[in-house]
There are 2 protein chains.
Amino acid sequence: MEQQDINGLYPIGTVSEITGVNAVTLRAWERRYGLIQPERTPKGHRMYSQTDVDKIQLILVQLGQGIAISRVAESMDLREQSHDSNEDIWVQYRLRMIEAISQFDENVLDSIYNEAMSLYPVDIVTRRLLTPLLTHLGERWQTTEGSVAEEHFFSVFMRNKLGARFHHRNIRNTGPCLIAACLPGEHHEFGLLLFALAAHARGYRLILLGADMPLSELPHVIQRTQSDGVVLSGSIVLDTDLFKTELNTLAHTSSIPVFIGGHVAENYHAEIKATGATPLPTDLFGTLQTIGSVLPITRNKNT
Amino acid sequence: MEQQDINGLYPIGTVSEITGVNAVTLRAWERRYGLIQPERTPKGHRMYSQTDVDKIQLILVQLGQGIAISRVAESMDLREQSHDSNEDIWVQYRLRMIEAISQFDENVLDSIYNEAMSLYPVDIVTRRLLTPLLTHLGERWQTTEGSVAEEHFFSVFMRNKLGARFHHRNIRNTGPCLIAACLPGEHHEFGLLLFALAAHARGYRLILLGADMPLSELPHVIQRTQSDGVVLSGSIVLDTDLFKTELNTLAHTSSIPVFIGGHVAENYHAEIKATGATPLPTDLFGTLQTIGSVLPITRNKNT
DNA sequence: TAATTCCTGTACAAAACTTGTACAAATGCT
DNA sequence: AGCATTTGTACAAGTTTTGTACAGGAATTA
């Protein structure tokens with residue numbers, strides 16, 4: 001639904017080039033199975049939208065899995081069925097992604113990610129693939145030479161992927177409004193994004209401020225947006241004293257609850273509590289439970 | 001032969017030379033689709049303005065993406081009817097977005113952005129809305145209180161939007177492979193992303209490494225990926241000496257061209273040249289031309 | 001004045017698309 | 001294994017799109 005008006009109109013030859021599917025085949029699919037019925041010009045030329053192209057890419061993934069083309073139409077709907085949730089699959093995915101990262105090959109990385117996402121819901125992919133992958137890479141990056149670049153490469157990729165998902169949601173939530181940001185000095189938004197996605201899925205409204213956010217700025221934001229809570233995340237603290245002072249000010253001047261997540265929450269558990277803020281557990285589920293107990297989501301309709 | 005009128009108007013032959021589009025073809029476009037209707041002298045000779053030339057360049061980009069000329073015409077026609085391509089519109093958009101940002105209202109921000117993107121191609125929106133908006137905000141952030149949060153909010157939003165677009169592209173480019181990264185200390189990827197998008201649209205392959213990239217890591221990446229060029233961007237230099245040393249090492253150890261963009265390219269123009277790297281102009285189009293003259297894209301079609 | 005450039009309109013040819021039929025290799029079933 | 005179905009591709013004949021060429025005349029430039 002993004003830019004249908006002008007951008008999404010490719011002729012069949014271009015689509016063929018993009019997807020690698022022969023034009024004749026595309027027509028055959030349409031004729032035989034009614035898959036992908038593009039717009040037509042007044043003279044009958046097919047004009048494929050971006051959505052159509054995406055659909056073809058998805059079909060290609062299915063084909064790669066060995067699913068017959070005739071059954072792809074059905075399996076597109078039923079693909080969320082319990083695929084044999086073998087532990088093996090996730091290890092396979094992980095290894096393939098690591099390989100792609102070490103080659104800086106974004107095409108491969110992208111196709112693996114898409115493959116996983118097309119077969120499993122985002123929650124599963126996050127828990128079974130992304131989080132383990134991150135810790136795995138964390139270790140690798142401490143030992144292997146030339147790995148800072150790998151980290152950057154992968155971070156940008158994941159951030160963009162997750163960010164896209166975050167901004168793509170079309171539901172306007174009605175739950176409590178949370179401000180989400182990284183602590184000063186923290187430049188890795190990955191965890192924060194995962195949290196934001198999960199929180200949004202549960203009905204919270206979110207204002208995402210990203211990395212390296214000065215705490216002194218937050219009262220302004222809170223006041224202007226009339227939010228209901230602040231969630232901060234970080235793994236390191238540059239200046240302990242400053243951190244305590246600023247956090248104290250924040251927690252006391254603002255009348256709304258302040259939560260702290262990430263490794264900081266573990267290492268400075270006592271200090272955080274002393275300021276009146278609430279430390280969060282390291283797992284996503286526990287985090288959402290903690291926040292939910294303070295700021296419950298009013299379920300209006302739960303069919 | 002570079003004739004140019006007193007008013008900055010070009011005759012058709014000159015336009016043809018600049019853009020590479022045959023004069024006959026230009027006339028055919030105008031006749032058949034009403035594309036680009038230039039001024040006329042009293043005797044009927046076509047006089048193209050700079051805006052017209054820009055428009056042609058834009059058309060060429062769309063054409064390069066495989067969109068049929070008739071479709072390009074249709075979309076441009078549509079948008080020129082709905083909104084008289086007035087400067088006003090962009091000011092309007094800008095003001096609305098600034099308002100939304102100051103309210104931290106992402107829904108509104110998102111809908112404005114989508115509205116613009118559905119009416120205009122990404123290149124136009126970038127040049128007319130996003131870039132001016134960013135400089136406008138840059139000034140505002142230096143003066144207004146509590147505006148760092150605004151910066152974060154908008155940066156995250158734009159980064160996610162553009163990042164999504166970047167990673168959503170489906171064409172596997174075959175052009176030269178560029179490594180794109182921000183200089184150490186530079187945490188604003190915005191400009192880099194805009195560049196990456198534009199470069200990709202023109203056929204380059206891209207490896208996006210994002211913000212704050214240590215230069216010493218790059219040789220590894222270059223070697224492992226066998227890229228054809230490095231594009232670095234930044235607005236500040238933390239340590240001038242270190243910068244010069246590292247850049248020198250990079251430009252000399254790697255056998256591929258190194259480009260530097262952003263404000264750094266202006267402020268350290270001489271120093272950069274001394275190291276063997278190439279400074280880039282501040283505008284996107286000039287940047288792409290500079291890179292294109294060193295690393296030309298092999299157009300497979302559209303001879 | 002002569003040479004060049006540009007104008008309009010018609011025409012043409014290559015490229016790209018369309019539909020429909022046909023065929024051979026791959027796949028599945030008995 | 002043997003037979004039937006599936007599925008990608010090929011070929012043919014006709015249409016549309018699109019870049020370019022050409023002709024005759026007018027304007028510009030050197």
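Remember, it's a predicted structure, so these values are computed and weren't measured experimentally. Numbered from 1 within each chain, the chains take letters A, B, ... in sequence-line order.
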Just by distance, do the side chain of Thr19(A) and the backbone of Val15(A) share a donor-acceptor pair under 3.5 Å? yes
Is it true that a side-chain atom of Thr25(A) and a backbone atom of Val21(A) form a donor plus acceptor pair closer than 3.5 Å? no
Can you tell me how far P of dC17(C) sits from CZ of Arg40(A), to the nearest Å? 12 Å
Measure the distance from CD on Glu39(A) to P on dC17(C) and round it to the nearest whole Å. 17 Å
Output the rounded distance in Å from CZ (Arg46(B)) to C1' (dA26(D)). 14 Å
Do the two ring centres, one from Phe104(A) and one from Phe153(A), sit under 6.0 Å apart? yes
Residues Arg127(B), Asp283(B): salt bridge by 4.0 Å N-O rule: no
When the distance from CD1 of Ile12(A) to C1' of dT19(C) is rounded to whole Å, what number comes out? 12 Å
Would you indicate whether Gln103(A), at its atom CD, is surrounded by more than 12 heavy atoms from other residues, nucleotides or ligands within a distance under 6.0 Å? yes
I'd like to know if the side chain of Thr41(B) reaches the main chain of His45(B), judged simply by a donor and an acceptor atom lying under 3.5 Å from each other, with no hydrogens or angles considered. yes
Of the candidate nucleotides dT19(C), dT21(C), dT8(C), which contains the atom at the shortest distance from the side chain of Arg27(B)? dT8(C)
Gap between atoms CG and P, on Leu9(B) and dT5(C) respectively (whole Å): 20 Å
Whole angstrom is fine here: how far is it from CE in Met47(B) over to C1' in dT5(C)? 12 Å
In whole Å, what is the span from the CD atom of Glu30(A) to the P atom of dT9(D)? 17 Å
Identify, between Val24(A) and Arg31(B), the residue whose nearest nucleotide on DNA chain C lies closer to the 5' end. Arg31(B)
Can you check each nucleotide of nucleotides 14-19 of chain D against protein heavy atoms at under 4.0 Å and return B for base, S for sugar-phosphate only, - for none, in 5' to 3' order? --SSBB
Euclidean distance, atom CG of residue Leu26(B) to atom P of dT20(D) [Å, nearest integer]: 10 Å
